[in-house]
Amino acid sequence: LHVHDLVDFVSEEAAAAGQIGTRRGARLRLRASRRARQITAADRVRARGQLWEIRGICAPGAGLIELSLAAVPNRKEAV
């Protein structure tokens, strides 16, 4: 799949509230293709060494698919 861009963020509301350990989120834009259109919320994404779960899927513009992601804590972080 061709990645258009990946924007990694922590919720502004969580940061403003001083919450530590809040799950990171990201938006991943892909070029729309037959394979990209088959992605569902049951799939996972591995990017930048992090595993992400898919929270939402939309098509924000012609030829793009956008995934809303939430970081899956690795086992070391969960301990």
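Owing to the predicted nature of the structure, the values given are computational and were not obtained by experimental measurement.
- In this structure, the side-chain contact (heavy atoms from CB on, under 4.5 Å) partners of R34, at least two apart in sequence or on a different chain, are Q38.
- Counting only heavy atoms from C-beta outward, the side chains of L30 and L64 never approach each other to under 4.5 Å.
- Considering OG1 of T40 and CG of L67, their distance stands at 10.5 Å, rounded to 0.5 Å.
- For A71 against Q50, the heavy-atom pair with the smallest separation is CB-NE2, 3.7 Å.
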Full working for side chain to side chain contact (heavy atoms under 4.5 Å, CB included) between I65 and I39: CA-CA 10 Å; I65 293 177; I39 295 171; 5.9 Å; no
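- Qualifying side-chain contact (heavy atoms from CB on, under 4.5 Å) partners for L51, counting only residues two or more places apart in sequence or in other chains: R44, R46, V72.
- Rounding to the nearest 0.5 Å gives a distance of 9.5 Å between SG of C58 and CZ of R27.
- Applying the side-chain contact (heavy atoms from CB on, under 4.5 Å) rule to A41 yields no partners; only residues at least two apart in sequence or on another chain are considered.
- One finds the CG atom of D43 at 7.5 Å from the CD1 atom of I57 (value rounded to the nearest 0.5 Å).
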